[in-house]
Amino acid sequence: MAKVNIVSFLLLHLIVLVQSRSPINISVNTNNQLERLLCDYPPDLYSSDVIITLNSTITHEIRSGNFCTVNISQSLTITSGTDDTLAHINCISNNVWYNDKYWTRGFAFFGINGSLTMRSLNFSNCGTNLTTMNEESLNLINSTFSSVHFTRYHAAVLVFANIGYLYVGNINFIYYSGFAIAAVNLPNASFNYLNVSYSQNFNIASLTKISTGSGVLALFSYLRVSSKNYSRYNLIIANASFENNLAFNQNEHCLTDIAQSSFPIVNAAGITILYVQQWHHYASIPATVIISKTTFRSCLGYLAGAVLILQYNSKLDSQTIINDSTFSDNSLLSKCRGAAITSSFILNNSSYSLDKVHHAITVTNTNFLNNGESIFNIKEWSAGAVYLTVVQHESAIIKPRVNFAFRNVSFVGNIGNYHGVSMYVDIRPTGSQSGVTFLMESITAFRNPDSKVYGKFDFIKLFYPVSVFYFVNIQKLIIRGSQTLPSNFSQNYGSVFEILKSKVVLQGTISFYDNRADYGPAIRLLENSLVYLKNGLRASFTNNKARSLGGAIYAAGGIFLRGFCTFQLLSGHYNNISMSFINNSAQLAGNAIYSQKIFDSNCYMHNERGRGLIKVYGRIFKHIPLTDVVSFGDYIIVCNKKYSYEVYPGALLQIPISVNDSNHHHTFSVLTISFAERTNNQIKRIDWFFEGKQDTYNVIVKGGTNCTSMNFTVHTKQLSESNRRGFLLFSTSNPSKIAGKRITLKYCPPGFKLNPFTGACGCLPNFEKIVNHNSNGKKLLCNIDDVSFTRPYRYLWAGSGKNNSLQYSLSCPPGYCNIHSHHDILKINDTGSFVTSSEKGDSKPLCHGSRTGNLCGECISNHSIVFGSTVCQSCTSNLWLLASIMYILAGPLLVFLLYALKLTLATGTLNSIIFFAQVANARIVGYLKVPCSDCGNVFYFVESSSVFISWLNLNHGFPLCFYNGMTELHKAGLNLCFPVYLIIIISFLGILSKCSSKVSDRLSKSSVQVLVTVVHLSFTQLLQAILSVFKSAEIHIENENSYYTKTVWYYNGTTTYASVEHKWLMIITSVVVGFILIPYMIIILFGKCLLKFDRTREYIRPFFEAIHAPYKANRWYWFAINQLFVVHVYLIDTVQELGNLFFSLIFELLLFLILEVFIAFQACFLPFKNKILNAVNIFLLLSISTTFYIAIYFFHDYPKEVAIFISISFCPTIIIFCVIITYHVLVVTNKLGKLFQLLQSTKTLVSEKLKRKRPVHQRQRAAYYNDIHDTGDYTQAREPLLEWMST
């Protein structure tokens, strides 16, 4: 094999010698032949023109080893044998550990007078360390005179240096190490259709923290060889693609920080361009690099992502031109900037030519899409798209003139954590004037930064409005567009332009639409930046929104400096300049423009000042009122005309304030509020403070059309009984302005006490303790802002008393106070106590029905207590006669009906209904009488149900004036008269029967029954009378210094319990009620026992039999059980009204158990003789039980609905009552039999079947009629009292 290789080599050498004057064509058809041609060739092989054609059907293998160096003196062409197929060159690893210097293989080409062409090749897994070059070759690319140098870690696949002409076309690099191409000082080079992807330098770089290289390097440095034939380096990279390249662990610093007198070569992941030529006698050659129609995608670097451009200490006019290219999804792995382009123009020399212009970078027809996002979601690594810096020598007298130009460029969805997510331009040092001109022409910026990075995860809600373009210290920044290609900036998330210490020229057609930012969504000017408006400008600002100042434009800086206003005219003419502002807004001030130098008398625009500026602005600014253009605050105004304010400690104080600019427009300012007082004609501090114990309070004053409401609270640790006066001072610091208003700190109102710890008025301690103790877990809250209290307990009554005290009680009578309504807030003022709703806001007096006084026990002026209702009414002098007549006639009429219709207990038809009414009167009717403010027409339906129950308990049921000036004491006494009046009437009829036999024949059989029925109907009224007259309530009186209680009568808080008039009422009531109810209760409870005694039998038997007539013989005790149950219900009602929650719950539980047992036993035992009466009885018991518990459970939340439900549930009872009355009328008029005969005749005509059943039905009706009208012992009861009277 060795002999064959030697022979081949000799033959090849012979061919070269023979054909030295004609191109040498070499076909490579074996997989190892290319390695010998490039690495082991004869010394004079490439002294002639050579064409190497590679077989595209095989893989050309290159073994690992040193760099292969080729010196070209003529021309060399390396190409694929097939035009449409790439020749595959694969470098084979030596399988040594990854940090060995022999990675695979690289190729270096030199030759200043030669030319090189490479076409249709595919390199894979290639690249090795540059230190494997021979010393001569290494010195050509790594000059000691250059500012930059390669390190021992740098590697490459192809190195081109000092080649006169170079063309590289249709070349792929994949899975390469180091740089794919390192191009050094190429006078005329063209790279066309490159595809560079998947660099794999991370292995060695992860250990060394220095990059081995990536992508393409274009280095222009000091020359060791002559280049007099060339005036400029030219490198063109066109139709290339750079994807998924990585420049790993390059340096811990950013580009401008590592550039020193000598530093290692730095690189991006895509293309790196280094201009480091120095001015020497033969090496002063500028360079031009053109990148055209190239795509950069997913390039990931440290210093730069896709492209890095560095011009270091070179006075030559080297320039980079990028056109028709796309940068997308490029990122950084550091805190540096510029994921798409990073460029530094570092000029540390001290002198430059005044007429020398450096055209640094020109970008045209290029797109920047979604650059800057951190692949690990680290917000500090969000780098933005473009980063450009110019570093000038601090002591240079003449600053270099550097031009940048971006034309027809679009920026979409770029992301950054700092200023300038699409472009960051920084000219240093910022303290001196620069010579930089920057052109932004026909620029499109849309949705920068991309909103997906903010809130990508549902649990992260971030708001980082950062500027899109950031410029610092630009001598002239030109922003322009044309009608065909306007500059359009829309839907960006941050100020589109953030500009510092620069002069801006607006020219042509420019549009800012729907941008969002903290300050100036369109333009934010800082540190005395100016805007020059060129004639013909058509700028539109639409739908931009600022979270603070300047809905479209914000300008700050230089408030106290004389000079230019923010806006200037470039040519002095303004008739053809238009700046349109439509629907822009700012939350603080300046819906269109906020500028600190726009109306100021210290600034001017083209010799215009003051009012002249307003005229110019009126011509330039379109579609906005000038109130949307504001400046800094010039003076403070308190908007209302109050001379002073009064407030309680801790109460919210609201003062409308505005800070106006010099043009009298509301503007923004940070206002400081403090307190002071005047003592001996001197202003000094006062011991008042704000919430949080702060002596001062800072608040933001907004601009706009309305004043800003200042909301704060005033606190103090001590307050005398008299009010204390002081001053509120409002001040701003930039500029310094001050205003003041008088303020009086008042003594805490009733119900409140000064808390020395918080310095605010809080709840009185006993008031809070007592109410919370009875509120079933709810808390009393005292609000000093509007002097109100929550109502955790529905029976709470409160009012103001003497010496700034609060009177309160937990026993407000239902129907007297608005206790069951939706009003949950209690307010007390000088006019009385009121309740309001926290939801609806409506208000009404705490006392219902024109009531007032303690526990709402009195009537307001010109109103009186009335019968049949808890409301007070205005009673005229003529009504008492009508009321008296009605009162007198009602008694005989009732007695007559009872006699005539036989509506007595003996018949049993009304017993269940009366029991239903007695129970309902205690609890359920109370729900119907609770004030219902929104019942509407339903009120009359509810009122009708209440009247029905009241009449069955011998109450009026409707308001009735008796005389003007009647009080609760008088009403309680007069209520006893009606039952006594009825008994007197019945007794009078008994005496009358003594004188007349006719009367005796008519009444003797039913007088006892009527008497017992009247007493039974009066039972609840008399029971209520005795319970109410002995009912008491406690009123608590409390202020900051004292607390005591007093006991009053429950129904009139002004009547002291057991006072003289109250004692008389208790005595009279006790006598009347005891005279009537004691015998009644003895008969129903012990009548069965008393019948066993001869002395009492004759007197007890008629009453006992009249009461128990409808009951079965062994079920007589059910009537007594019914009345005991009624007593139990009324006791529960009394305990609950007294506010004892514990006892009320116990009694309600007992009531529930007893009622259920009561219903169950009655259903089992069926106490009535008649089955229909038993059925009616069970139905009414179930009805009252269901109604009762539904009302208790739902009433507090749904009072109106419960009242309607109760009224509906009463309808069956009313219907049953009407049927019973009708039945009694038919019986006494002897028309019941005729009615039955009429029904039977009708049934006969309908069906023969009914004829057969007619005798059965007749017998059933006859039995029923006899049961109801039993003429036995009970209905023929003797009346020994009447007989005794007759004797």
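Along the sequence shown, the residues carry numbers beginning at 1.
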Give me the atom names and distance for the closest heavy-atom approach of [X] to [Y].
X	Y	answer
M118	L158	CE-CD1, 4.1 Å
I499	S502	CG2-CB, 3.4 Å
S344	L255	OG-CD2, 3.4 Å
N239	T294	N-OG1, 3.9 Å
A306	C299	CA-CB, 4.1 Å
V216	F191	CG1-CE1, 4.2 Å

Would you indicate whether Y193, at its atom OH, is surrounded by more than 12 heavy atoms from other residues, nucleotides or ligands within a distance under 6.0 Å?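 At most 12 heavy atoms, drawn from other residues, nucleotides or ligands, come within 6.0 Å of this atom.
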May I ask you to check whether over 12 heavy atoms, not counting those of R232, lie within 6.0 Å of atom CZ?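 Enclosed: over 12 neighbouring heavy atoms sit under 6.0 Å from CZ of R232.
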Value rounded to 0.5 Å, distance of [atom1] in [X] from [atom2] in [Y]:
X	Y	atom1	atom2	result
L477	F404	CG	CZ	12.0 Å
N192	K293	CG	NZ	9.5 Å
N185	L219	CG	CG	6.0 Å
M423	F469	CE	CZ	6.0 Å
L369	T366	CG	OG1	10.5 Å
F497	I479	CZ	CD1	3.5 Å

Would a distance-only check, ignoring hydrogens and angles, find a side-chain to backbone donor-acceptor pair under 3.5 Å from [X] to [Y]?
X	Y	answer
S442	L485	yes
S334	Y302	yes
T320	I361	no
E527	L500	no
S318	A287	yes
S529	K501	yes
S314	Q277	yes
S197	I174	no
N414	G372	no

If we count only N and O atoms by modelled type, under 3.5 Å, do the side chains of [X] and [Y] hold a donor and an acceptor together?
X	Y	value
N267	S214	no
S75	Y165	no
T484	S482	yes
S328	N370	no
N188	N234	no

Measure the shortest side-chain to side-chain distance between [X] and [Y] over non-hydrogen atoms and say whether it is less than 4.5 angstrom.
X	Y	answer
D317	V357	no
F67	L138	no
F220	L316	no
H358	Q311	yes
T362	R407	yes
I478	E441	no
I273	L235	no
V425	V436	no

Just to verify, what does S137 make a side-chain hydrogen bond (donor to acceptor under 3.5 Å, both in side chains) with, not counting sequence neighbours?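 Testing S137 for side-chain hydrogen bond (donor to acceptor under 3.5 Å, both in side chains), a comparison that skips the adjacent residues, returns N134.
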Test side-chain contact (heavy atoms from CB on, under 4.5 Å) applied to T69 and F110, step by step: CA-CA 8 Å; T69 303; F110 301 90; 3.5 Å; yes
side-chain contact (heavy atoms from CB on, under 4.5 Å) between F368 and N448, intermediate numbers included: CA-CA 11 Å; F368 295 87; N448 302 282; over 6 Å; no
Of Y424, Y387, F471, Y470, the residue whose pairing with H419 passes ring pair (Phe, Tyr, Trp, His ring centres under 6.0 Å):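 The option that passes is Y470.
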Any chance you could lay out the ring pair (Phe, Tyr, Trp, His ring centres under 6.0 Å) test for Y275 and F345, step after step, and finish with the verdict? CA-CA 9 Å; Y275 302 109; F345 196 87; 8.8 Å; no
In this structure, which one of I171, N172, N170 forms a side-chain contact (heavy atoms from CB on, under 4.5 Å) with S120?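 Among the candidates, only N170 passes.
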Residue that, paired with N408, satisfies side chain to side chain donor-acceptor pair (under 3.5 Å) out of D324, N323, N365: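 Looking at D324, N323, N365, the match for N408 under the side chain to side chain donor-acceptor pair (under 3.5 Å) is N365.
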Run the side-chain contact (heavy atoms from CB on, under 4.5 Å) check on I141 and M133 step by step: do they pass? CA-CA 10 Å; I141 65 172; M133 286 185 182; 3.9 Å; yes
Dump the intermediate steps for side-chain contact (heavy atoms from CB on, under 4.5 Å) on C336 and T342, then the final yes or no. CA-CA 9 Å; C336 300; T342 296; over 6 Å; no
Using the side chain to side chain donor-acceptor pair (under 3.5 Å) rule, take S73 and S47 through it: C-alpha gap first, then chi angles, then the decisive distance, then the call. CA-CA 5 Å; S73 58; S47 60; 5.0 Å; no
